[in-house]
Amino acid sequence: MLNSDNYFAINIKKSETARRDICRGLALAENPFRLFMIAVGCIADMSGDGTFLTSCQQSLYNVYGAGLEDSQYIEHRVSELERNINKLERCLDTCNEDARERLQFALRLQRNELEKLTNSK
């Protein structure tokens, strides 16, 4: 059973990983939306609040994607979705039937989002 010291150590490790990824991303001039989501993901993990992550992702999409039509956000999200779709399609050939249904559902969602973003350009 985990005690508070274990949780503290786990959270320290998560924050160190997030700090490293953010600093590396800044040095490599990565998309700031991706870096922001690293921080949000770390906060969500450390607090155990998965709805915070989902809420921030939706807000980014709604505000910067659909609302402001921010080209940098849209380009980043489109490339991310295309990578995810390619990975999911490759997995379809080797997975069992139960996993295949879940992958097909995930593919539909990702393709729908990709379509929305590419039609908003």
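Everything numeric in this text was worked out from a predicted model, so none of it was measured. As a basis for the values below, the full set of heavy atoms in this structure was taken, side chains included, without hydrogen atoms, waters or symmetry mates. Numbers here are sequence positions counted from 1.
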Which is it for Glu82 and Arg111 under the salt bridge (Lys or Arg N to Asp or Glu O under 4.0 Å) test, yes or no, and what are the steps along the way? CA-CA 8 Å; Glu82 288 171 341; Arg111 285 177 179 147; over 6 Å; no

Side chain to side chain contact (heavy atoms under 4.5 Å, CB included), that's the test. Do Ile22 and Phe36 meet it? Break it down for me. CA-CA 8 Å; Ile22 290 169; Phe36 174 70; over 6 Å; no

Run the side chain to side chain contact (heavy atoms under 4.5 Å, CB included) check on Leu114 and Gln110 step by step: do they pass? CA-CA 6 Å; Leu114 180 62; Gln110 302 239 342; over 6 Å; no

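Atom CZ of residue Arg77 and atom CE of residue Met37 lie 9.0 Å apart, to the nearest 0.5 angstrom. How far CD of Glu113 is from OG1 of Thr118: 10.5 Å, rounded to the nearest 0.5 Å. One distance of note links CD of Glu101 with SG of Cys95; it measures 10.0 Å at 0.5 Å rounding. Leu81 contributes atom CG, which lies 11.0 Å from atom NZ of Lys116 (distance to the nearest 0.5 angstrom).
When the options Leu109, Leu103, Leu107 are evaluated for a side chain to side chain contact (heavy atoms under 4.5 Å, CB included) with Phe105, the one that passes is Leu109. Among Ile10, Asn11, Ile12, the one residue that satisfies the side chain to side chain contact (heavy atoms under 4.5 Å, CB included) test with Phe8 is Ile12.
Of all non-hydrogen atoms in Arg100 and Leu92, the two that sit nearest each other are NH2-O, 3.0 Å. Taking every heavy atom of both residues into account, Gly25 and Leu35 meet most closely at CA-CD2, 3.7 Å.
Listed by first and then second residue, the salt bridge (charged side-chain N to carboxylate O under 4.0 Å, His left out) pairs that reach into residues 31-44 are Glu30-Arg34, sequence neighbours excluded.
No more than 12 heavy atoms of other residues, nucleotides or ligands sit less than 6.0 Å from atom CZ of Arg24.
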Sequence neighbours excluded and cut-off under 3.5 Å, please list the side-chain donor-acceptor pairs for residues 38-59, or say none.
{"residue": "Ser47", "atom": "OG", "partner": "Ile43", "partner atom": "O", "Å": "2.8"}
{"residue": "Ser47", "atom": "OG", "partner": "Ala44", "partner atom": "O", "Å": "3.4"}
{"residue": "Ser47", "atom": "OG", "partner": "Asp49", "partner atom": "N", "Å": "3.4"}
{"residue": "Asp49", "atom": "OD1", "partner": "Thr51", "partner atom": "N", "Å": "3.3"}
{"residue": "Asp49", "atom": "OD1", "partner": "Thr51", "partner atom": "OG1", "Å": "2.6"}
{"residue": "Asp49", "atom": "OD1", "partner": "Phe52", "partner atom": "N", "Å": "3.3"}
{"residue": "Thr54", "atom": "OG1", "partner": "Gly50", "partner atom": "O", "Å": "3.3"}
{"residue": "Ser59", "atom": "OG", "partner": "Ser55", "partner atom": "O", "Å": "3.0"}

